[in-house]
2 protein chains.
Amino acid sequence: MSKDSITIYDVAREANVSMATVSRVVNGNPNVKPLTRERVLDVITRLDYRPNAVARGLASKRSTTIGVIIPDIANTYFSTLARGIDDVAMMYKYDLILTDSDGDPLKEVRVFNNLLAKQVDGIVLLGHRVTDALRVEIARSRIPVVVAGLLDPDQQVGSVNIDYGNATFDAVSLLTKQNQKIAFVSGPLIDPINEARLAGYEKALKKSGLDFQEHLIFEANYNYKAGLNIAEKIIKSGATAAFVADDQVAAGLLNSLFDQGIKVPEEFELITSNDSIIAQLTRPALSSIMLPIYDLGAVSMRLLTKLINKEEVDKKTIILPYKVKERQSTK
Amino acid sequence: MSKDSITIYDVAREANVSMATVSRVVNGNPNVKPLTRERVLDVITRLDYRPNAVARGLASKRSTTIGVIIPDIANTYFSTLARGIDDVAMMYKYDLILTDSDGDPLKEVRVFNNLLAKQVDGIVLLGHRVTDALRVEIARSRIPVVVAGLLDPDQQVGSVNIDYGNATFDAVSLLTKQNQKIAFVSGPLIDPINEARLAGYEKALKKSGLDFQEHLIFEANYNYKAGLNIAEKIIKSGATAAFVADDQVAAGLLNSLFDQGIKVPEEFELITSNDSIIAQLTRPALSSIMLPIYDLGAVSMRLLTKLINKEEVDKKTIILPYKVKERQSTK
DNA sequence: ATGAAAGCGCTAACAT
DNA sequence: ATGTTAGCGCTTTCAT
């Protein structure tokens, strides 16, 4: 209760300068005589003065904080993205306000507006697609928005991705060598990212002269349990291999196959998409598209800093490279 | 460039009231005549006015944001905690500024002070222990701090945990039935949480008349690779079972055993501590202490809200219940 | 029930 | 190189 917090004014008085000078010192403005700078710096340490970021934000109209909207931070895929974002954000002195959206379009809009109220300097959006409702909000907001790991066909915002179509093509091509019936397991096909994957899948089938069969296409929620549950249907479909768009789902499928005594890869080949730590944890370890998840986050944050500073960006739609890693779930 | 953002002043003018009244309406102050309230509300929607949270924060000295310090958000254990924190935070209208500390004491202090600069209303600290340097900062800051999933013997701050000693005792007791040499694998033993676990381990040995053997104690970093690497040493030690304090480490150990043809649980029993999704993903699935990770986060955030509002809290050191779940890695 | 006015702690012209 | 002075958009006494 004793001493209230030290303000720039206290420092100014103690150092016999104006608050403007203190402000200059704090912000590294070169227009300060080295001697006064030193004097001010001394007082600052002596008084243990810490600038109030909120006041600064109000005066400067820059909050040096970024909003991150994420479906579920507990999901490894997203938390790895978040890590990439945070590392770069810290590098550029931004803080992150992170909120879960549960992938709920309504909640997404709500948290988006809340972030605007907090005067964030930019927003990174993670998820599966940009809903129309959110698109409207983005349009009328005047801060830059970047998406990572999700396709926005309108290219309204900055985005960082890999070429999911080609990646899926490559992955499925690994399976067409020894299988006739290959299941395609993704999230909702309304999501543009899954459309792209499906196109890659079809292309790979065609190249190998295989027919596209509707009943081999499966939509599943992005979680372990969904993978566990979908196994039965997939087995019934007669498929002997599967391309899966999500590691948790793939792990669920794998374990369900294992628990039913179906040997992977001998009797069933499996390839997944995100190469999160999960792909290495399972036994057999999962072959996977090597999606640079961390980099997706890091690069998107870097892009956002440029957008915020109105720097020239040659392309605000960035495509990162990928590889395909064969582990033990494919022959 | 056209219309700049709408302020409380614009609303006041349009509604023919003072800004004070608008402020009252926005903040749900009952001292407003229903009719004027309605009029103001109308103008607010018509103008699409959104209160500026930064200005509000400066004037009211409450930012309605909470700082969260986390060693690594990409780690499932911590991201699950974060999810619990976020859900409760949202429930109480707080936003979360989340920063990774890498478990680096220096960085921890730096981000802590940065959070103070942003005028957060409280801080949730995650990690393995409270370092002395941080303890000093916490002491001179005047906002409440709560830790979750880590022991602070000084009880300087609010905390939410389980009884790690008893939990470890229970877990190890499962192993003493059929094993003479049981390895104890934790993080650094300086961390009070690991001290507590070690005590539980010793107690369980003693109860079964087994000798405590120094060479069965292992310290490992909290990650998958560390688990992979430590396997060899553990095998050499002659242990036929292990208690592991971290799921990623346990998964690494398990897979390393598997890859070397050592059968779990037939030839080696394993029990882990956090019951994160990882424990279910592995094959065999890992027996584990059922740590309510999500709840740890949720409850700590709830505790923090009480501390912030200076509500009565009967105990700011909260101990949550746990169970032990036997899966396939124990007989 | 409503309004007037004084800050909150800082930045950023604009002087000098 | 340094100081003066408006604000930034809101909350919050204090009047009325």
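The sequence lines fix the lettering, A, B, ..., with proteins before strands; numbering per chain opens at 1.
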Colleague: What's the CG-P distance between A:Leu116 and D:dG9, to the nearest Å?
Modeller: 15 Å

Colleague: Would you mind reading off the distance between A:Leu58 atom CG and D:dC8 atom C1', rounded to a whole angstrom?
Modeller: 4 Å

Colleague: Is it true that B:Arg13 and B:Asp10 have a side-chain N and a carboxylate O under 4.0 angstrom from each other?
Modeller: yes

Colleague: Of all the nucleotides listed (D:dG3, C:dC10, C:dG3), which has the minimum atom distance to the side chain of A:Thr21?
Modeller: D:dG3

Colleague: Summarise protein proximity over nucleotides 11-16 of chain C in one line of letters, 5' to 3': B for base, S for sugar-phosphate only, - for none, counting protein heavy atoms closer than 4.0 Å.
Modeller: BBB---

Colleague: Per the end-axis method with five pairs at each terminus, what is the bend angle of the helix from C:dA1-D:dT16 to C:dT16-D:dA1, to 10°?
Modeller: 30°

Colleague: A:Lys118 has an atom NZ; how far is it from atom C1' of D:dC10, in whole Å?
Modeller: 14 Å

Colleague: Among D:dC10, C:dG9, D:dT4, which is the nearest nucleotide to the side chain of A:Ser18?
Modeller: D:dT4

Colleague: Between B:Asp152 and B:Arg129, does any side-chain N to carboxylate O distance fall below 4.0 Å?
Modeller: no

Colleague: Donor-acceptor pairs are to be reported for all side-chain atoms of residues 64-76 of chain A against protein atoms at under 3.5 Å, with residues two or more places apart or in another chain.
Modeller:
unit_1	atom_1	unit_2	atom_2	d
A:Thr64	OG1	B:Lys118	NZ	3.1
A:Asp72	OD1	A:Ala74	N	3.0
A:Asp72	OD1	B:Arg83	NE	2.8
A:Asn75	OD1	A:Tyr77	N	2.8

Colleague: How many Å lie between CG on B:Leu47 and C1' on D:dG9, as a whole number?
Modeller: 15 Å

Colleague: Under 4.0 Å between a Lys/Arg side-chain N and an Asp/Glu carboxylate O for B:Glu108 and B:Arg135?
Modeller: no

Colleague: With B:Asp295, which residues qualify under salt bridge (Lys or Arg N to Asp or Glu O under 4.0 Å), at least two apart?
Modeller: none

Colleague: Are A:Arg46 and A:Glu14 close enough for a salt bridge, meaning some N to O gap below 4.0 Å?
Modeller: yes

Colleague: Rounded off to whole Å, could you give me the CD-to-C1' distance for the A:Gln119 and D:dC10 pair?
Modeller: 11 Å

Colleague: With a non-hydrogen cut-off below 4.0 angstrom, is B:Val17 in contact with a base, only sugar-phosphate, or nothing?
Modeller: sugar-phosphate

Colleague: Please tabulate, one pair per line, all N/O donor-acceptor pairs under 3.5 Å involving side-chain atoms of residues 19-27 of chain A, not counting sequence neighbours.
Modeller:
unit_1	atom_1	unit_2	atom_2	d
A:Ser23	OG	A:Asn27	ND2	3.3
A:Asn27	ND2	A:Ser23	O	2.8

Colleague: Taking atom CZ of A:Arg62 as the centre, does the number of heavy atoms from other residues, nucleotides or ligands within less than 6.0 Å exceed 12?
Modeller: no

Colleague: Which heavy atom of A:Ile308 sits nearest a heavy atom of A:Asp121, and at what distance?
Modeller: CG1-O, 3.4 Å

Colleague: Using whole Å, report how far CD1 of B:Ile6 lies from C1' of D:dC8.
Modeller: 16 Å

Colleague: Any side-chain N or O of A:Lys61 below 4.0 angstrom from OP1/OP2 of D:dG9?
Modeller: yes

Colleague: Run the salt-bridge test on A:Glu311 and A:Lys316 with the 4.0 Å N-O cut-off and return the result as yes or no.
Modeller: no

Colleague: Go through residues 29-41 of chain A and report each residue with a non-hydrogen atom lying under 4.0 Å from DNA chain C, sorted by number.
Modeller: none

Colleague: Would you check if B:Leu81 and B:Phe78 make a side-chain contact, meaning some heavy-atom pair closer than 4.5 Å?
Modeller: yes

